[in-house]
Amino acid sequence: MVRAGLTAERLTQAGAELADQVGFEKVTVSALARRFGVKDASLYSHLKNSQDLKTRIALLALAELADRVAAALAGRAGKDALAAFANAYRDYAREHPGRYEAARLRLDPETAAASAGGRHAQMTRAILRGYDLTEPDQTHAVRLLGSVFHGYVSLETAGGFSHSAPDSEESWSRVLDALDALLRNWPAP
């Protein structure tokens, strides 16, 4: 018998909240069952296994992040768009550390193609149109931005910038200035 009120969507949302509290790696069907006060078997009519749960959380996180970035980008171009994208990305990672980690989950090609991951790439390329980059430089720049944003956020959330001056906010602002300058003056091959 299916327990009243439990759905795949509700379990996914609860799993995402759990990921933010305890870390994405600790999210399992068993941990989620404990949260709802039910036996693991009660959840298997909604979820295949822990990997299915993690994939669902990853898809939720990708969609939430894409929606947040899209809202931040609306009506912006050039450096303003770059900063809006970067700040939305960073804020999401800091507010939802477990979901942010979930968004990095390696998905199978079919699931990845159907996810909001493609929207992230499209929005990054939209920012780069303001810098007049053509292929293959545009792809290089997409990879650069993803690497810088992810690297900075990962180091910052791990406490890597909390031990010395200047503070992380000042460095973040300077990083965005440097990225803007680089994108405006992209080196020739």
Side-chain angles (χ1 to χ4, degrees), residues 1-74 83-124 126-127 142 145-162 168-169 172:
M1 175 183 264
V2 176
R3 186 165 178 98
L6 292 182
T7 64
E9 293 76 24
R10 185 168 178 219
L11 294 171
T12 301
Q13 187 65 40
E17 292 165 9
L18 183 62
D20 287 339
Q21 293 166 0
V22 302
F24 183 60
E25 71 284 348
K26 293 181 182 173
V27 173
T28 63
V29 172
S30 295
L32 198 54
R34 283 191 300 276
R35 187 177 190 110
F36 281 98
V38 299
K39 295 190 182 301
D40 295 10
S42 301
L43 304 188
Y44 286 115
S45 60
H46 306 289
L47 303 168
K48 294 176 192 167
N49 51 39
S50 288
Q51 187 59 42
D52 179 42
L53 173 60
K54 288 188 173 197
T55 298
R56 288 171 183 270
I57 295 168
L59 294 173
L60 173 70
L62 286 168
E64 286 177 343
L65 184 53
D67 290 346
R68 184 178 286 202
V69 170
L73 283 177
F85 183 106
N87 288 327
Y89 184 96
R90 181 178 178 225
D91 290 346
Y92 185 84
R94 294 192 311 183
E95 292 167 23
H96 300 290
R99 293 177 212 210
Y100 176 76
E101 186 180 344
R104 311 269 74 75
L105 182 69
R106 182 179 213 139
L107 302 172
D108 66 77
E110 185 177 315
T111 303
S115 77
R119 288 178 57 205
H120 292 268
Q122 290 170 349
M123 288 184 286
T124 306
I127 291 168
V142 166
L145 293 177
S147 298
V148 171
F149 298 158
H150 176 67
Y152 195 96
V153 165
S154 296
L155 290 168
E156 181 181 44
T157 57
F161 303 140
S162 61
S168 183
E169 290 299 321
W172 179 250

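All residue numbers refer to positions in the sequence shown, counting from 1.
The list of side chain to side chain donor-acceptor pair (under 3.5 Å) pairs with a residue in residues 112-123, not counting sequence neighbours, reads D67-R119.
Listed by chain and number, the residues in a salt bridge (charged side-chain N to carboxylate O under 4.0 Å, His left out) with R34 amount to none (sequence neighbours excluded). Residues that satisfy the salt bridge (charged side-chain N to carboxylate O under 4.0 Å, His left out) test with D40, not counting sequence neighbours, are absent from this structure. In this view, Y152 and F161, W172 satisfy the ring-ring contact (aromatic ring centres under 6.0 Å, His included) rule, not counting sequence neighbours. Residues satisfying the side chain to side chain donor-acceptor pair (under 3.5 Å) criterion with D91, sequence neighbours excluded, are absent altogether. Residues passing the side-chain contact (heavy atoms from CB on, under 4.5 Å) test with E17 are Q13, R35, R99, sequence neighbours excluded. For Y44, the ring-ring contact (aromatic ring centres under 6.0 Å, His included) test picks out no residue, with sequence neighbours left out. By the side chain to side chain donor-acceptor pair (under 3.5 Å) test, Y89 pairs with Y100, sequence neighbours left out. Judged as a side chain to side chain donor-acceptor pair (under 3.5 Å), and not counting sequence neighbours, the contacts of R90 are E156, E169. Scanning for side chain to side chain donor-acceptor pair (under 3.5 Å) contacts around N49 gives an empty result, with sequence neighbours left out. Applying the salt bridge (charged side-chain N to carboxylate O under 4.0 Å, His left out) rule to E95 yields the partners R68; only residues at least two apart in sequence or on another chain are considered.
A donor-acceptor pair under 3.5 Å is formed between the side chain of S50 and the backbone N or O of V29. A donor-acceptor contact shorter than 3.5 Å is absent between the side chain of H46 and the backbone of L11. Put simply, the side chain of S154 never gets that close to the backbone of G151: no donor and acceptor are under 3.5 Å apart.
For the pair M123 and I127, the minimum side-chain heavy-atom distance is 4.5 Å or more.
Looking at every heavy atom in both residues, A93 comes nearest to V153 through CB-CG1, 3.2 Å. When all heavy atoms of P97 and D20 are compared, the closest pair comes out as N-OD1, 3.5 Å.
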Could you list the donor-acceptor pairs under 3.5 angstrom formed by side chains in residues 104-111, with sequence neighbours left out?
from : atom 1 : to   : atom 2 : distance (Å)
D108 : OD1    : E110 : N      : 3.1
D108 : OD1    : T111 : N      : 2.9
D108 : OD1    : T111 : OG1    : 3.1
D108 : OD2    : T111 : OG1    : 2.7

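Interatomic distance, NZ of K54 versus CD of E101, reported as 8.0 Å (0.5 Å rounding).
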